[in-house]
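Structure first, then comments.
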Amino acid sequence: MFTIRSRRILSAAAVAAALPLVLTGCGMDDKGDSGSGSAASASASPSMEESSSAAMPMDKPFGPACASLPTSGEGSVEGMADDPVATAASNNPALSTLVSAVKKAGLVDTLNNAQNITVFAPTNEAFAKIPKADLDKVLNDKAMLTKILTYHVVGQKLTPQQLENGSFDTLEKSKLTTSGSGESYTVNDSAKVVCGNVPTANATVYIIDSVLMPKM
């Protein structure tokens, strides 16, 4: 009896001693599988988020002056997207001088009827940088005014990526250059894009802080 009982106790102790090892082994396997799955998810997740955030500025308007656009109505980003470019610009208070110049040059229909163009649109402040006597002279010379305004128009829709190191033919028949990255771009090494990638019904608009001057 004593011997049989002792053997039973020893057997139970051996099983009890082995059981934690078995459970630990199983737990490590499960944790390893689960950990690798979590690591895979964690590594996949940020890359998806990064690619998504990297694409966002390319899909939407960007730049400090975008905040000054109307938040609703025809002059807002959503409102401008519904109209052809000259009409869309006429609804934006910051572009009223440009719109007056476009009307003086008789380019409203030309711009509104063009397809898939890019317009570099100087703000009112950009025109104000030009001495008044010089600006008045340009505004009263239709040929010169047309030359300057058509120099601000490229015959294709340009994405921000294309502006990083670009050279483009304008409707005025000469070239302009662009450089930059992210949300900071410069045209002809002088005019900065202050609100870019603004869509209209037939064009993409980049609002700039200086008037571009072609070679006369």
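Just so you know, these numbers use all the heavy atoms, side chains as well, and skip hydrogens, waters and symmetry mates. Quantities reported herein were computed from a predicted structural model and do not represent experimental measurements. Nothing fancy with the numbering, it's 1 onward along the sequence.
- Side-chain N or O atoms of D83 include none that pairs as donor or acceptor with a backbone N or O of G75 at under 3.5 Å.
- Put simply, the side chain of P93 reaches to within 4.5 Å of the side chain of P70, judged on heavy atoms.
- The only option from L149, L212, T150 that meets the side chain to side chain contact (heavy atoms under 4.5 Å, CB included) definition with E172 turns out to be T150.
- With S100 contributing its side chain and S96 its backbone, the two residues share a donor-acceptor pair below 3.5 Å.
- Of the possible polar contacts, one joining the N202 side chain to the V85 backbone as a donor-acceptor pair under 3.5 Å is found.
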Query raised in the report: Yes or no on side chain to side chain contact (heavy atoms under 4.5 Å, CB included) for V198 and M80, after CA distance, side-chain angles and deciding distance?
Result: CA-CA 8 Å; V198 179; M80 288 180 70; 4.1 Å; yes
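- Judged by distance alone, the side chain of S68 and the main-chain N or O of A65 form a donor-acceptor pair under 3.5 Å.
- K137 NZ: 12 or fewer foreign heavy atoms inside a 6.0 Å radius.
- One hydrophobic cluster, built from ILVMFWY side chains closer than 4.5 Å, cannot hold both V153 and V99; they sit in different ones.
- At least one side-chain heavy atom of V108 sits under 4.5 Å from a side-chain heavy atom of K103.
- Side-chain N or O atoms of T186 include none that pairs as donor or acceptor with a backbone N or O of S190 at under 3.5 Å.
- Taking each heavy atom of N112 and A86 in turn, the nearest pair found is OD1-N, 2.9 Å.
- Heavy-atom neighbours of D141 CG from other residues, nucleotides or ligands within 6.0 Å: above the threshold of 12.
- With contacts defined as side-chain heavy-atom distances shorter than 4.5 Å, the pair K192/S210 does not qualify.
- Among all heavy-atom pairs drawn from F62 and P160, the shortest one is CE2-CG, 3.7 Å.
- Tested against L111 for a side chain to side chain contact (heavy atoms under 4.5 Å, CB included), the candidates V102, T87, T200 yield a single pass: V102.
- Residues L176 and V187 approach most closely at CD1-CG1, 4.1 Å, considering heavy atoms.
- Looking at I208 and V194, their side chains never come closer than 4.5 Å, going by heavy atoms from C-beta outward.
- Y206 places a side-chain heavy atom less than 4.5 Å from the side chain of T204.
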Query raised in the report: Under the side chain to side chain contact (heavy atoms under 4.5 Å, CB included) criterion, do S76 and L69 qualify, and how do the steps go?
Result: CA-CA 6 Å; S76 65; L69 296 178; over 6 Å; no
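- Residue K129 qualifies as enclosed at atom NZ: its count of foreign heavy atoms under 6.0 Å is above 12.
- A donor-acceptor pair under 3.5 Å is formed between the side chain of N188 and the backbone N or O of T177.
- Between F120 and F168, the closest side-chain pair of non-hydrogen atoms is not below 4.5 Å.
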Report task. Evaluate the side chain to side chain donor-acceptor pair (under 3.5 Å) criterion for residues S179 and N165: first the C-alpha distance (whole Å), next the side-chain angles of each, then the deciding distance (0.1 Å), finally the verdict. Result -> CA-CA 5 Å; S179 59; N165 184 21; over 6 Å; no
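- Judged by distance alone, with hydrogens and angles left aside, the side-chain atoms of T118 form no donor-acceptor pair with the main-chain N or O of V154 at under 3.5 Å.
- Interatomic distance, T178 OG1 to L158 CG, rounded to the nearest 0.5 Å: 7.0 Å.
- Considering CG of L145 and CG of L135, their distance stands at 9.0 Å, rounded to 0.5 Å.
- In this structure the side chain of N113 never reaches within 4.5 angstrom of the side chain of P84, judged on heavy atoms.
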**Report entry** M213 vs Y151, side chain to side chain contact (heavy atoms under 4.5 Å, CB included): CA-CA, chis, key distance, verdict
**Finding:** CA-CA 7 Å; M213 297 299 292; Y151 183 65; over 6 Å; no
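- Side-chain atoms of P61 and V77, non-hydrogen and from C-beta on, do get closer than 4.5 Å to each other.
- By the 6.0 Å contact criterion, CD on E74 is open, its count of non-hydrogen atoms from other residues, nucleotides or ligands being 12 or less.
- Taking 4.0 Å as the cut-off between side-chain N and carboxylate O, D169 and K175 count as a salt-bridged pair.
- Side-chain N or O atoms of D209 include none that pairs as donor or acceptor with a backbone N or O of A191 at under 3.5 Å.
- Side chain of N140 to main chain of D136: a donor-acceptor pair is present (N/O by atom type, distance under 3.5 Å, no hydrogens or angles).
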